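Note that the coordinates shown come from a computational prediction; the quantities given were computed from them, not determined experimentally.
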Amino acid sequence: MRGRGFTLIELVVTLLVLAILTLAISGFISMGADGYVSTVQRERLQTKARFVIARMAQELRHAVPNSIDVSGNCVSFYPNFLSGFYTDIASSSVDVVSRPGDASFWMDSSYVDGAGIAIGFGVPSQFATAALVNGAGTMVSASTPINLPTSGSVSTTSPAERIYLFSEQVQFCLRTTDSVLVRVGDGVSVTDAVPVLSRDVVSAAFSVEGGGLNSNGLVNFYIELQDDRTGETAKFNHSVQVLNVL
């Protein structure tokens, strides 16, 4: 009895079926891999955007009221690091009632000396010519206000009798030459290499809605990021409330 082998037609059909199955399986695996890579890239953009938004929102939320300004691809503001109430304004000093637990800061020259004083400012331009703290506050007793010496007189008043101490102006800017979002301030210029908040930012826009005595200010910003490997873009809009108590 002779053994029976494969015919040429059977062999060709078998190879054809195997080829079809291989293509189908490889296509399925390829689609899965591409989907995974796309998901990772989108998550990367989302994570980068969340960091940028959180960092900007944190700083903008604590800006001195009415200090936020927009110019081109930049939003600028003056950071508030100490606030309280005043009871009297003299030619070279201000009597201050601090918030609970803050008295020691007002009387620490290393902390307040040279800081700007904002009382009742309505527009950002007023901050550039603000009076400065000259030394440190002094207090006769725990029941009396802190006398804060000033270099230059304070010529404005606040309906709510609020006083804010602020430091150097800070800016968040889109550097269009290399699509980098940078933080400008503390002696750093927009052309410096650091600090960089995010790369691959292809577009950024800011707007400010001013507040009043009984309402908060609002900063709106739009950021578009692009993945440098896939070219995929992601757009983000966010708004930050700035407490506006004058």
Report whether [X] and [Y] are members of the same hydrophobic cluster (ILVMFWY, side-chain heavy atoms less than 4.5 Å apart, transitive linking).
X	Y	result
F105	M139	yes
V94	M107	yes
V240	I53	yes

Can you find a pair of side-chain heavy atoms, one from [X] and one from [Y], that are under 4.5 Å apart?
X	Y	value
H62	P79	no
S203	Y222	yes
V170	Y78	no
V112	L165	yes
S98	I146	yes
R61	V242	no
D200	V202	no
I223	K235	no

What's the spacing between [X] [atom1] and [Y] [atom2] if we round to 0.5 Å?
X	Y	atom1	atom2	value
I68	F127	CD1	CZ	9.5 Å
F221	F236	CZ	CZ	11.5 Å
S198	L225	OG	CG	4.5 Å
W106	R99	CH2	CZ	9.0 Å
L197	L181	CG	CG	5.0 Å
I117	L82	CD1	CG	11.0 Å

> Excluding sequence neighbours, so at least two apart, what forms salt bridge (Lys or Arg N to Asp or Glu O under 4.0 Å) with D88?
Replying inline: none
Nearest atoms (heavy-atom pairs only) where [X] meets [Y]:
X	Y	answer
N220	S239	OD1-OG, 2.6 Å
A118	V64	CB-CG1, 4.0 Å
A204	V201	CB-CG1, 4.5 Å
P149	A136	CD-O, 3.2 Å
V154	A131	CG2-CB, 4.0 Å

>> When you measure from the side chain of S179 to the backbone of T176, do you find a donor-acceptor pair of N or O atoms at a distance under 3.5 Å?
In response: no
> Has the side chain of T150 got a donor or acceptor atom that lies under 3.5 Å from a matching backbone atom of G152?
Replying inline: yes
>> For a side-chain contact (heavy atoms from CB on, under 4.5 Å) check, start with the C-alpha distance between L132 and S151, then their side-chain angles and the critical distance, and finish with the verdict.
In response: CA-CA 5 Å; L132 306 179; S151 58; 3.5 Å; yes
>> Please determine whether a side-chain nitrogen of the Lys or Arg among R199 and D178 lies less than 4.0 Å from a carboxylate oxygen of the Asp or Glu.
In response: no
> Pairs in or reaching into residues 123-134: which pass side chain to side chain donor-acceptor pair (under 3.5 Å), with residues at least two apart or in two chains?
Replying inline: none
> Going by the side chain to side chain donor-acceptor pair (under 3.5 Å) test, which pairs reach into residues 137-147, not counting sequence neighbours?
Replying inline: S93-N147, D95-N147, S141-S143
> Centre of Y86's six-membered ring, under 6.0 Å away, within 45 degrees of the axis: is that where NZ or CZ of R162 sits?
Replying inline: no
>> Show, in sequence, the C-alpha distance, side-chain angles and deciding distance for H238 and M56, and conclude whether the side-chain contact (heavy atoms from CB on, under 4.5 Å) test is met.
In response: CA-CA 10 Å; H238 192 74; M56 294 176 64; over 6 Å; no
>> Testing the 3.5 Å rule here: is there a donor-acceptor pair between the side chains of S76 and D69?
In response: no
>> Pair T156, F121 - check side-chain contact (heavy atoms from CB on, under 4.5 Å), show working.
In response: CA-CA 7 Å; T156 54; F121 287 172; 3.6 Å; yes
>> Go through it in stages, so that I can follow the logic: the residues are Q171 and F77, the test is side-chain contact (heavy atoms from CB on, under 4.5 Å), and I'd like the CA-CA distance, side-chain angles, deciding distance and then a yes or no.
In response: CA-CA 6 Å; Q171 290 180 307; F77 62 97; over 6 Å; no
> So which of F166, Y164, Y111 actually passes ring pair (Phe, Tyr, Trp, His ring centres under 6.0 Å) with F81?
Replying inline: Y111
